[in-house]
Amino acid sequence: MSKRHALIVFGGNGFVGSAVCAAAVRRSVPVISVSRSGVRPAHLQGGNGCWTDSVRWEKGDVLNPASYTKLLGEASAVVVSVGTPPVPTSDVAWQRRMNGETGVVVARTARAAGVARLVMVNASMPAWLDIVAGGYAQGKRDAEAAAAAFVLQRPKALAVVLKPPAIYGTRHEVTPLGILPIPLGLLLGPVSALLRLFSGVTSKLRAAAPYAFEGVLFAPVHVESVASAAVSHALDTLADGEVLVVGPEALLTFS
């Protein structure tokens, strides 16, 4: 029997990564989370049947393959959910490294370890993001290129690149006063519903002025939809040596 049965989620204790872990647990899949701290999310301490008790929380640095290469021997698929927000910064190299090299190193290491399936949580981006947050934009392109390299000359491999626009749900931030829940859905939920209602109009705007609106005028996606898409593609999609790009509108069909 193959030892490759686990789904490894890099960044598994983050906002999106933890949702991916939870979705995989609901599918009764063995899940391993790899993060710098190696601990479960602070607001989910386990017990009472919490899904976090079904996840192995491992410590590893995505930029240091030696810290997780052994784990990849258990992986049937990996999900990469690591990065920083697309905000202006003077340290463009750092931003590119955190949003690009992180995914590049995991993809390269997973390929060398014989992992067959890769899901990269990327982003839908406007062309002008290169001006606002160039390191972020270039990093995301680096990660997508790494996904393509992952399947090169591997007809039984699969790489999936998810490109959500804004993602909403409830984030939990650790502060000196405790854990602060940030309900992003209060704002982005109604925005998502509105943009879906007027999808015909926004589609025409993106076509008329792609530089301004392409990658922007898409309905925000709930974090559970992104997680469901990641797990579904990691487990179910036919592997044919190709790269599958899943855009904002396709992500809305997952729940």
Side-chain heavy atoms of Val246 within contact of Val161, under 4.5 Å: no

Heavy-atom closest contact (Pro248 atom, Pro165 atom, distance): CB-CD, 3.6 Å

Lys70/Glu58 ion pair, N-O < 4.0 Å: no

In one Ile/Leu/Val/Met/Phe/Trp/Tyr side-chain cluster, 4.5 Å: Leu186, Val191: no

Heavy-atom check, side chain of Val34 versus side chain of Leu71, under 4.5 Å: yes

hydrophobic_cluster_shared for Val231 and Val160, side chain cutoff 4.5 Å: yes

Candidate pair Ile182 and Leu184, rule side chain to side chain contact (heavy atoms under 4.5 Å, CB included), full reasoning: CA-CA 6 Å; Ile182 304 175; Leu184 300 175; 3.8 Å; yes

Closest non-hydrogen atom pair, Ala42 against Gln45: O-NE2, 2.7 Å

Atom pair CZ (Phe213) and OG1 (Thr202), whose distance is rounded to the nearest 0.5 Å: 10.5 Å

Leu7-Val25 co-clustered via ILVMFWY side chain contacts under 4.5 Å: yes

Nearest-0.5 Å distance that lies between atom OG in Ser76 and atom CG in Leu235: 6.5 Å

Arg206 (side chain) donor-acceptor with Val216 (main chain) under 3.5 angstrom: no

Residues Leu187, Tyr168; criterion side chain to side chain contact (heavy atoms under 4.5 Å, CB included); working and verdict: CA-CA 9 Å; Leu187 172 63; Tyr168 67 96; over 6 Å; no

side-chain contact (heavy atoms from CB on, under 4.5 Å) partners of Leu63, counting only residues at least two apart: Asp61, Arg97, Glu101, Thr102, Val105

4.5 Å side-chain heavy-atom contact, His172 and Leu180: no

Point-to-point distance, once rounded to the nearest 0.5 Å, from CZ of Phe10 to CE of Met120: 10.5 Å

Under the side-chain contact (heavy atoms from CB on, under 4.5 Å) test, residues paired with Val92 that sit two or more places apart: none

Beyond-backbone contact of Glu242 with Leu158, side-chain heavy atoms, under 4.5 angstrom: no

Residues in side-chain contact (heavy atoms from CB on, under 4.5 Å) contact with Ser37, at least two apart in sequence or another chain: Asn13, Ser35, Val39

Option among Arg56, His5, Arg4 that satisfies the side-chain hydrogen bond (donor to acceptor under 3.5 Å, both in side chains) test with Glu74: Arg56

same_hphob_cluster(Val151, Val104) at 4.5 Å side-chain heavy-atom cutoff: no

Chi angles and distances behind the side chain to side chain contact (heavy atoms under 4.5 Å, CB included) call for Val79, Ile8: CA-CA 6 Å; Val79 176; Ile8 298 184; over 6 Å; no

Lys59 side, atom NZ; Ser33 side, atom OG - distance, nearest 0.5 Å: 13.0 Å

CD1-CG distance between Ile179 and Leu177, expressed to the nearest 0.5 angstrom: 12.0 Å

Val78 side chain near Val119 side chain, heavy-atom distance below 4.5 Å: no

Test item: Gln95 and Thr84 side chains (from C-beta on) under 4.5 Å apart, heavy atoms: yes

Nearest heavy-atom neighbours spanning Cys21 and Val31: SG-CG1, 3.9 Å

Partners passing ring pair (Phe, Tyr, Trp, His ring centres under 6.0 Å) against Phe15 (at least two apart in sequence or in another chain): none

Pairs meeting criterion side chain to side chain donor-acceptor pair (under 3.5 Å) with involvement of residues 123-139, two or more places apart: Asp130-Arg141, Gln138-Arg141, Gln138-Asp142

Inter- and intrachain pairs under side chain to side chain donor-acceptor pair (under 3.5 Å), touching residues 179-197, at least two apart: Ser192-Arg196

Lys163 vs Glu144 side-chain heavy atoms within contact, under 4.5 Å: yes

Main-chain N/O of His233 paired to Arg117 side chain as donor or acceptor, under 3.5 Å: yes

Pairwise side-chain contact, Phe150 with Val243, heavy-atom cut-off 4.5 Å (strictly under): no

Aromatic ring proximity, centroids under 6.0 angstrom, Phe254 and His222: no

Electrostatic pair Asp236-Arg27, nearest N-O below 4.0 angstrom: yes

Side chain to side chain contact (heavy atoms under 4.5 Å, CB included) between Leu244 and Thr237, worked out: CA-CA 10 Å; Leu244 175 64; Thr237 301; 4.2 Å; yes

Aromatic ring pairing Trp51/Trp57, orientation class (parallel under 30°, perpendicular over 60°, tilted between): tilted

Check ion pair Arg26-Glu224 (N to O, under 4.0 angstrom): yes

Lys156 and Asp240 ion-paired at < 4.0 Å: no

Taking every non-hydrogen atom, the tightest pair across Ser81 and Val16: OG-CB, 3.5 Å

Considering all heavy atoms, the nearest Gly103-Val80 contact: CA-CG1, 4.1 Å

N/O donor-acceptor pair under 3.5 Å between Ser225 side chain and Val221 backbone: no

Shortest non-hydrogen contact between Val226 and Leu162, atoms and distance: O-CD1, 3.8 Å

Donor + acceptor pair across side chains of Arg40, Thr52 (<3.5 Å): yes

Joint hydrophobic cluster, Val121 plus Val115, side-chain heavy atoms closer than 4.5 Å: no

